[in-house]
Amino acid sequence: MVRTIPSGGNLPIKTGNLARSLLAQTGSMPQTISGKTDFVGQDIGVALLNWNPGERLYIGFQAAYARRQNYGFVGTDSLGRNYNQSGFAFVEKAVAKWPFIVEAAAMKVKNANS
Amino acid sequence: MPTVETKQWLALKAHIGSKINTIPVYAPNDVVKREDEAFILVSDANNAPERFGISNPTSRRSGTLILSLHWPLMHPITYEQLREAQGKIAEHFPADWRFKYDDVCLRVTQEPSCLEPYVDNSWRVAIVRVPWSNV
C-alpha cells in the first residue's frame with residue numbers, strides 16, 4: 001500500500017508524507033490528523049509484534065488529504081491551491097491485490113518448512 | 001483500433017452515459033465547469049493484469065470504477081436523500097452485469113459498495129465503488 005507510482009506501486013508521491021502517514025494498529029482504525037503534519041513513518045513490524053493471529057489489524061492513512069488523493073478532489077484547498085483530479089484509488093488497488101499477497105506469503109512459508 | 005485498456009474504459013463509459021443522464025458526469029481528466037451544482041466525478045482504477053499459468057496466454061484484468069457524487073453544501077439535502085441518490089447510482093451496476101465494447105466484455109463482480117458520505121470543502125461526497133473484471 002505504500003509502494004509509490006515511480007516504484008511500481010499505486011501511491012502518488014511528492015514528498016513521501018502520504019506514504020509515511022500509513023499506520024497499522026490493533027483496536028481501532030487510525031484517525032485522520034487534520035492540518036499540516038509531517039509524518040515520520042511506521043515500522044509495521046513493531047505493530048505486528050503487538051498483534052495476535054485472529055485479531056483484527058487496522059491499516060489506514062492519517063494524512064488529511066489521503067481521501068482526496070484516493071477518491072479525487074475538485075475545488076480549492078485551505079492553501080488556495082485549485083484541484084480538479086480523479087482519484088488514484090490506491091486503497092482499492094491494494095485490496096484487490098491482497099488475496100495474492102497472502103497466497104504468495106503462505107506459499108513462501110510452506111516452501112520454507114518443506 | 002483501440003487497445004484493450006481503451007476498450008475497457010469505453011465499455012464503462014458507454015454504460016455510465018446510457019444510465020446516468022440527469023446529472024453531469026465528469027470522466028478522468030475532464031474539467032469540472034460549475035462548482036455550484038451536483039455532479040459525479042469518475043475515477044477509473046485498473047489493477048495490474050494477472051496471468052494464471054504459463055500455458056494460459058490470457059490475463060485476468062480487473063479494476064474498480066469509482067463514482068463520486070458531489071453535492072454542493074449550499075444546496076440542502078437530507079442524509080436519506082443523499083443515500084438514496086447514492087443507491088440509485090449503485091442500482092445501475094448490479095452484480096454480474098456485463099458491459100461490452102468491441103471484443104472486450106467486462107462483468108460487475110459484486111454489488112457496488114456505497115461508502116458513508118462525508119463533507120469535503122464545499123461538497124458532500126458520496127462514493128460508489130463498482131468492482132469489475134474481464135470475461
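The chains referred to below are lettered A, B, ... by the order of the sequence lines, with proteins before strands, and numbering in each begins at 1.
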When the 4.5 angstrom heavy-atom criterion is applied to B:Ser62 and chain A, the contacting part is neither
ask   = Got a donor-acceptor contact below 3.5 angstrom from the A:Ser86 side chain to the B:Val42 backbone?
value = yes
Turns out that what part of B:Val125 lies under 4.5 Å from chain A's heavy atoms comes down to neither
Whatever's closer than 4.5 Å to a heavy atom in chain A on B:Ser68 counts as side chain
ask   = Around atom CZ of A:Arg3, are there more than 12 heavy atoms of other residues, nucleotides or ligands at under 6.0 Å?
value = no
Could you go through A:Lys97 and B:Asn47, starting from their C-alpha distance and side-chain angles, then the distance that decides it, and tell me whether this counts as side chain to side chain contact (heavy atoms under 4.5 Å, CB included)?
CA-CA 8 Å; A:Lys97 244 182 161 177; B:Asn47 302 321; over 6 Å; no
If two hydrophobic side chains count as joined below 4.5 Å and joins carry through other members, does B:Val32 share a cluster with B:Ile89? no
Of all heavy-atom pairs linking B:Ser43 and A:Gly87, the shortest is OG-N, 2.7 Å
Most contact-rich option vs chain A, by heavy-atom pairs under 4.5 angstrom, among B:Leu115, B:Thr64, B:Leu41, B:Asn29, is B:Leu41
**Message:** Working note: A:Arg67 + B:Asp120, criterion salt bridge (charged side-chain N to carboxylate O under 4.0 Å, His left out); need CA distance, chi angles, decisive distance, verdict.
**Reply:** CA-CA 9 Å; A:Arg67 192 156 53 183; B:Asp120 189 6; 6.0 Å; no
Worksheet item: Do A:Phe61 and A:Val95 share a hydrophobic cluster (ILVMFWY, side-chain heavy atoms under 4.5 Å, transitive)?
Response: yes
Greatest number of non-hydrogen atom pairs under 4.5 angstrom with chain B, of A:Phe90, A:Tyr71, A:Phe88, A:Phe73, falls to A:Tyr71
Bottom line for B:Phe39: the part with an atom under 4.5 Å from chain A's heavy atoms is side chain
- Enclosure of B:Tyr26 OH (heavy-atom neighbours >12, cutoff 6.0 Å): yes
Applying a strict 4.5 Å limit to non-hydrogen atoms, the region of B:Asp30 in contact with chain A is backbone
Using only atom types and a distance under 3.5 Å, with no angle test, would you say the side chain of B:Asn121 pairs donor to acceptor with the backbone of A:Asp77? no
State whether the number of non-hydrogen atoms from other residues, nucleotides or ligands found under 6.0 Å of A:Gln31 atom CD is greater than 12. no
Interatomic distance, CD@A:Glu92 vs CD1@B:Ile127, rounded to 0.5 Å, equals 8.5 Å
The interface call for A:Phe100 against chain B, heavy-atom contacts under 4.5 Å, is side chain
Residues, nucleotides or ligands: over 12 heavy atoms within 6.0 Å of A:Arg56 CZ
no
ask   = Should we say atom CH2 of B:Trp9 is surrounded by more than 12 heavy atoms from elsewhere, each under 6.0 Å from it?
value = yes
dist A:Lys93:NZ -> B:Asn46:CG (nearest 0.5 Å) comes out at 7.0 Å
Shared hydrophobic cluster for A:Val91 and A:Leu22 (ILVMFWY, side-chain gaps under 4.5 Å) = yes
